[in-house]
Amino acid sequence: MRYSQIFLPTLKETPAEAEVISHRLMLRAGFMRKLTSGVYSYLPYGLAAIRRVEQIVREEMNRAGAQELLMPMVQPADLWKETGRYEKYGPELLRFKDRHDRESCLGPTHEEVITDIIRRELHSYRDLPVNLYQIQTKFRDEIRPRFGLMRGREFIMKDAYSFDVSDEQAETSYMKMYEAYKRIFSRCGLTFRAVQADSGAIGGNFSHEFMVLAKTGEDTIVVCTACEYAANMEKAEVKTAGPGSTEEMAALKKTETPGKRKVDAVCEFLGIEAARLVKTMVYMADGNPVAVLVRGDREVEEVKLKNLLKVADVDLADDKQAFDATGVPTGYLGPVGSAIRLVADQEVMLMRNFVTGANEKNHHLLNVNPGRDFQAEAVADLRKITTDDACPVCGGRLELTEGIEVGHIFKLGTSYSEKMQAVFQDKDGLEKPFVMGCYGIGVSRVVAAAIEQNHDENGIIFPVPLAPYKAVILNLDPKDEKITEAAESLYAELSLAGMDVLLDDRDERPGAKFKDADLLGMPFRITVGKKFASGGIVELRNRKTGESTEMLLDQLKVELLAKIADATVN
RNA sequence: CGGGGCGUAGCGCAGCCUGGUUAGCGCGCCUGCCUUGGGAGCAGGAGGCCGCAGGUUCGAAUCCUGCCGCCCCGACCA
């Protein structure tokens, strides 16, 4: 492609709307332009990068035995009502009515549609397993779109769905995807970790998120420094903290704590550590109040709570909700004589003689002991893990790091197939629901993550497999016949050899060409200029290493053609 | 949904508080000259319903009200 022909509007200045580096660079490098909040047009250069990712995804999905199809973006509400998600999905699902007043929605995901296809077409165990995928635009009406392509409302996603006869076979399908995903992200040149994720009601270790490690990530992940363990913060299991206190139980005692509601204030007033206090948090679990006990210096992990209670949603109660449920103002809530359901973090049960609210305004209780003074309906791991906790697998030291979720694989089981009556006949003639799995990759987000991980102060540094063009040839003086002829012949030969090359043939000053070349981030830059006119010398520069070598034109041709043959470039 | 900020030329901004010439500046764009190894220089030029609607006023980019859009932060640790 010739730079003089391509639609590639680069920007010298950074638009004010862009916060994170990938967003800034993508705007400056002419990848995309915003149409409205969280919705972008992909311009040729950005689209080319997206296509690179798609191609890798296709190759690896096909290699893993999946087949591509394409499903509609507009979906009838009826289908969503079958699984109950039309009501449950929440405002992220964009709903609308067509001219006949039929309720419809824009697909944020396609479990319903794919399950509908399969239940109509497949009826025998002989047809299984099957894994179908698509690369398609999704729409989710995000509460707050941000960071450009990182969290848009409209985005390109690869989603795959597997159908199997049994849990065992579904797990095999799952593992195939796990391996395929590792290959995909490795081929994209990304530094990533596969982490155990929240698998919700399904349980088991059949949900992994693929996280690109980058500071701007929206998720926190826990990584063991000693072993392979890595998990999403939401899922990271806290090991039970030892045998527990052996202190003698002291007599329960009520004490006045006027106006002291927060943990810090109570602790300071009573002269104790937060670790000697147990706080009582009221949550609304699908609308019903539940009190949760955790140590004063700990934080409740809402996802763990949600899973324990087997509810769709938990939300910290506001002051009014908490008061309505308990009759006690927040700050003085406690487990002793609690008016509502009570669940406790496992750590609390190991403590002795701690402080809690007294269920009475301006009062706390001293020397509270579990078992003697209160019973919890359930005891479980309910708190957020910290770096002070040990690795749940090997006991090693943990580190927290930020990650960008680029892929998620999930064993669904039979929840969708049962609700939608998607069944097949097994060997014995029995009707069984399909065992399903789903596997997503945020294709457009992969591009953003790649830039987030690969850039410098001058611009993008594309991992070779994602680069829209592998090299840019700078013709520094299009008016000079010798220089132009050399640049053109090089462009022609490399193109003929199958290399994607950009020829900067614009009538611009050299400085502008160098700056654009750096910004656009193509792996190699070849400069044909004054030194060629005088001595036949051209320069080959590596964008990533900054390494630059001067050589004769013919030498350079040999060198690059060798790289192409080696497949190090394509 | 709550809080904050912003909307003035394609982009980045000033002007608004304290109403009053022809609404400015930088970048970009067009024409010409000149220049050609890190976003040059000179000269000329095009481009604005000052987000939209209403109000106050002799007079509104500027003050008031409403609406729309965009960005950022937060969404509750008792």
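Order of the sequence lines fixes the chain letters, A, B, ..., with proteins taken first and strands second; residue numbering starts at 1 for each chain.
- Under the side chain to side chain contact (heavy atoms under 4.5 Å, CB included) rule, A/V368 has a single partner from A/V278, A/L277, A/V348, A/V336, which is A/V336.
- Remark: B/rG74 base-pairs with B/rC1. Criterion, Watson-Crick or G-U wobble with two distances under 3.5 Å.
- No contact: A/R506 has no heavy atom under 4.0 Å from any strand.
- In terms of polar N and O atoms assigned as donor or acceptor, the side chain of A/R144 never comes within less than 3.5 Å of the base of B/rG3 in a complementary pairing.
- Within 4.0 Å of A/R509, counting heavy atoms only, lies at least one base atom of the nucleic acid.
- Contacts of A/E299 with the nucleic acid, taken as non-hydrogen atoms under 4.0 Å apart, include base atoms.
- Under the Watson-Crick or G-U wobble criterion, with both distances below 3.5 Å, B/rC6 is paired with B/rG69.
- Using a 4.5 Å heavy-atom threshold, the side chains of A/M1 and A/L503 count as separate.
- Contacts of A/A322 with the nucleic acid, taken as non-hydrogen atoms under 4.0 Å apart, include base atoms.
- Checked options A/E405, A/E92, A/E142; the residue passing with A/R151 is A/E142 (criterion: salt bridge (Lys or Arg N to Asp or Glu O under 4.0 Å)).
- Here A/K12 lies in heavy-atom contact (under 4.0 Å) with a base.
- A/T527 comes within 4.0 angstrom of a nucleotide base, judged by non-hydrogen atoms across all strands.
- Spacing between atom CZ of A/R28 and atom P of B/rG28 amounts to 13 Å, rounded to whole angstrom units.
- Within the 4.0 Å cut-off from OP1 or OP2 of B/rG39, not a single side-chain nitrogen or oxygen of A/K513 is found.
- In this structure, A/V263 reaches the sugar-phosphate backbone alone: every heavy-atom distance under 4.0 Å involves primed, P, OP1 or OP2 atoms, never a base.
- Here, B/rG28 and B/rA9 have their C1' atoms 11 Å apart, quoted to the whole Å.
- At a threshold of 4.0 angstrom between heavy atoms, the contacts of A/I143 include nucleobase atoms, whether or not backbone atoms are also involved.
- Checked against B/rC77, B/rC13, B/rC11, the side chain of A/E13 finds its nearest nucleotide in B/rC11.
- Residue contacts shown for A/D518 include a base, since a base heavy atom lies under 4.0 Å away.
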Stepwise side chain to side chain contact (heavy atoms under 4.5 Å, CB included) test for A/S22 and A/M150: CA-CA 9 Å; A/S22 60; A/M150 206 95 90; 4.0 Å; yes
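- Separating the CZ atom of A/R33 from the C1' atom of B/rG28 is a distance of 12 Å, rounded to the nearest angstrom.
- Residue-level contact check: A/L316 touches the bases, meaning some heavy atom is under 4.0 Å from a base atom.
- The aromatic rings of A/F462 and A/F31 lie parallel to each other, with less than 30° between the two planes, well short of the 60° mark.
- Contact annotation for A/D516: base contact, defined as any heavy-atom pair under 4.0 Å involving a base atom.
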